[in-house]
Every structure is written in structure tokens, then in C-alpha cells.
*Asks:* 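Quick one: the structure is below, and I'll ask about it shortly.
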Amino acid sequence: MTEQPNTPTVERPDTPAATWRELRRGNERFVAGTPDHPRQDIDRRTSLAHTQRPMVAVFGCSDSRLAAEIIFDVGLGDAFVVRNAGQVVSPSAIGSLEYAVGILHVPVIVVLAHDSCGAVRAAIDSQASDAAPLPSFIAGLVSKIVPAVRKVAGVRAGDEGAIDPSHVDAGFVGREHLRNTVTELVESSEMISDAIAAGTLAIVGANYRLFEGRVETDIVLGRI
Ligand SMILES: [Zn+2]
């Protein structure tokens, strides 16, 4: 490595489009079972000791099967990762993503949902007439997914009644919640919406398929 300690540079694609292309290629390698495991050596580690310049911020579910660096086949210092169960928007998530956008200038935020999400399942089940109350902090997370459940169930706004979980498709709820999450992020953060308007940032809402390992794009804000 040729970087000077005081003037470090870290290579990365700079536009949202080039970044998303690299992430897609990495995911294709992972899907095919031919990962490169790039940028995970000692040189990379030492070059990052005094700086970071990640190419992407990933806001995903905490699920242990959604390890960002593995599924996008990227390396140390490549992904700024914010996760909680069900990838629900919160002040700490927005603050972390604003740090990634405003200070680290990441060109892409990937909001990453997945199939068979336990948080989505809990949100659906919480709406049953005989649902047991959830522990309060879990209930707080799940409550952010409930609007997607009730929309998919076709419940009218203002109707507080219970629903039958067996009539609610978890895949549809997951996608609805993903879109709600992307929308809420942009509406909550002027920094993020300004960066999208300026063309320096894109948000990709994607759904990860646990079996295939594929990251499927669902919604894009900005140009990629
Ligand atoms: Zn999940």
C-alpha cells in the first residue's frame, strides 16, 4: 500500500450507479458460490487504521443470515452497517445513516429486508384476537411493522379490530414494510432527501432471499 498515514485514500466507486453495480456483482459471486472475499487482508486493515471510506450503508434486519459483507462479497471498510430486528426506522438508525451520508459520503444506502423475517411474523401474529402481549421493547419494534400488516390485511384506517393471521401473506407484508421504511427514511431526514435530490445518493430497498442468497431490488430512490 502506498498511502501516507496522514493523507489516506481508500479506493471505492464514487457514483451511486457504479457502487450498486459493484454490490450486485458481489452478490452474484456469493449466489454462485464463487466469492472473492476481497479486501480482507492485513494491508487493507492497516490502510484503514486512520480512516474509513465505505462504499455503502446497509440498513438491514439483524437476522444472522443477512451478514452484509458476506452476501455482497465485500471487505473490511466497505460497508457501514446499521441493523435492528425488522429494520425499523428509529432516531438511532436515522442518526447513524446521516453520519454515513453526511460525513462518510456513501453513495448508496441499501435497506435490506428478507423473506421469513421473524419480526414480520411477530407483527402479523400480534394482530390476532388471542395474541399474547409482547415484551415492551419487542412490542416497540413490532409496532413499526403493524401498519404494513393491517394494510395487506385490507383493514380500513381507524379500524382497531383483530385480524386473522392465517389470511395475511408474510411476503406481501415484508415488501410493504420495506417500502414504508424507505419512505420514512427519506421523509424523516432532510440530509438524506437532499443527497438524493443532488444525485450523490441513491437508496435501494431490496429483499434478500434466504435460500438463493440473492438480493432482489424492490424500490429505488435516486439514480442507479
Ligand atoms: Zn428479519
Side-chain angles (χ1 to χ4, degrees), residues 20 23-24 26-27 30-31 35 54 56-74 78-97 100 106 108-128 131-153 163-186 188-189 192 203-221:
W20 183 238
L23 292 167
R24 272 209 330 270
N27 179 243
F30 173 69
V31 169
V56 61
V58 178
F59 176 36
C61 182
S62 295
D63 191 293
S64 59
R65 298 162 289 184
L66 257 67
E69 288 86 352
I70 295 176
I71 68 177
F72 287 111
D73 194 27
V74 294
D78 283 336
F80 185 94
V81 181
V82 181
R83 293 167 73 178
N84 61 34
Q87 81 281 343
V88 302
V89 173
S90 66
S92 68
I94 296 171
S96 301
L97 292 170
V106 295
V108 171
I109 295 174
V110 177
V111 179
L112 195 58
H114 65 103
D115 51 3
S116 304
C117 180
V120 168
R121 183 76 256 158
I124 294 170
D125 291 345
S126 76
Q127 298 305 293
L134 292 165
S136 64
F137 287 103
I138 295 178
L141 279 176
V142 163
S143 69
K144 299 281 290 184
I145 307 175
V146 166
V149 176
R150 300 189 72 81
K151 180 168 179 195
V152 169
I163 62 176
D164 180 352
S166 67
H167 291 165
V168 181
D169 184 290
F172 286 136
V173 174
R175 277 193 287 282
E176 183 69 23
H177 171 58
L178 173 63
R179 292 166 194 170
N180 289 349
T181 303
V182 170
T183 303
E184 187 178 354
L185 263 186
V186 174
S188 301
S189 170
I192 289 173
I203 300 186
V204 179
N207 198 44
Y208 178 75
R209 311 292 300 181
L210 292 174
F211 186 80
E212 299 89 352
R214 193 176 299 285
V215 175
E216 294 179 339
T217 306
D218 184 83
I219 180 173
V220 178
L221 300 184

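Start at 1 with the first residue, then count along the sequence. No experiment lies behind these values; they were computed from the predicted model shown. Indexing begins at 1, ligand by ligand and atom by atom, following the structure's order.
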*Asks:* With side chain to side chain contact (heavy atoms under 4.5 Å, CB included) as the test, would you mind laying out the steps for V56 and D78 before giving the verdict?
*Replies:* CA-CA 7 Å; V56 61; D78 283 336; 5.8 Å; no

*Asks:* Tell me which one of V220, I192, L97, V110 satisfies side-chain contact (heavy atoms from CB on, under 4.5 Å) with I203.
*Replies:*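 So, applying the side-chain contact (heavy atoms from CB on, under 4.5 Å) to I203 and each of V220, I192, L97, V110, only I192 qualifies.
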
*Asks:* A quick test of your reading: do over 12 heavy atoms of other residues, nucleotides or ligands sit less than 6.0 Å from CZ of R83?
*Replies:*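 Yes, because the 6.0 Å sphere around CZ of R83 holds more than 12 heavy atoms from other groups.
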
*Asks:* Would you tabulate the side-chain donor-acceptor contacts of residues 111-119 under 3.5 Å, counting partners in other chains and residues two or more places apart, or write 'none'?
*Replies:*
| from | atom 1 | to | atom 2 | distance (Å) |
| --- | --- | --- | --- | --- |
| D115 | OD1 | L210 | N | 3.0 |

*Asks:* What protein N/O/S atoms lie closer than 2.8 Å to the Zn ion (ligand 1)?
*Replies:*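 Metal shell, protein only: C61 SG, H114 NE2, C117 SG.
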
*Asks:* Kindly indicate, with the supporting measurements, whether the criterion side chain to side chain contact (heavy atoms under 4.5 Å, CB included) is fulfilled by V173 and V168.
*Replies:* CA-CA 8 Å; V173 174; V168 181; 3.4 Å; yes

*Asks:* Would you compute the distance between atom CZ of R175 and atom CG of N180 and round it to the nearest 0.5 angstrom?
*Replies:*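 So the CZ of R175 and the CG of N180 are separated by 13.5 Å.
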
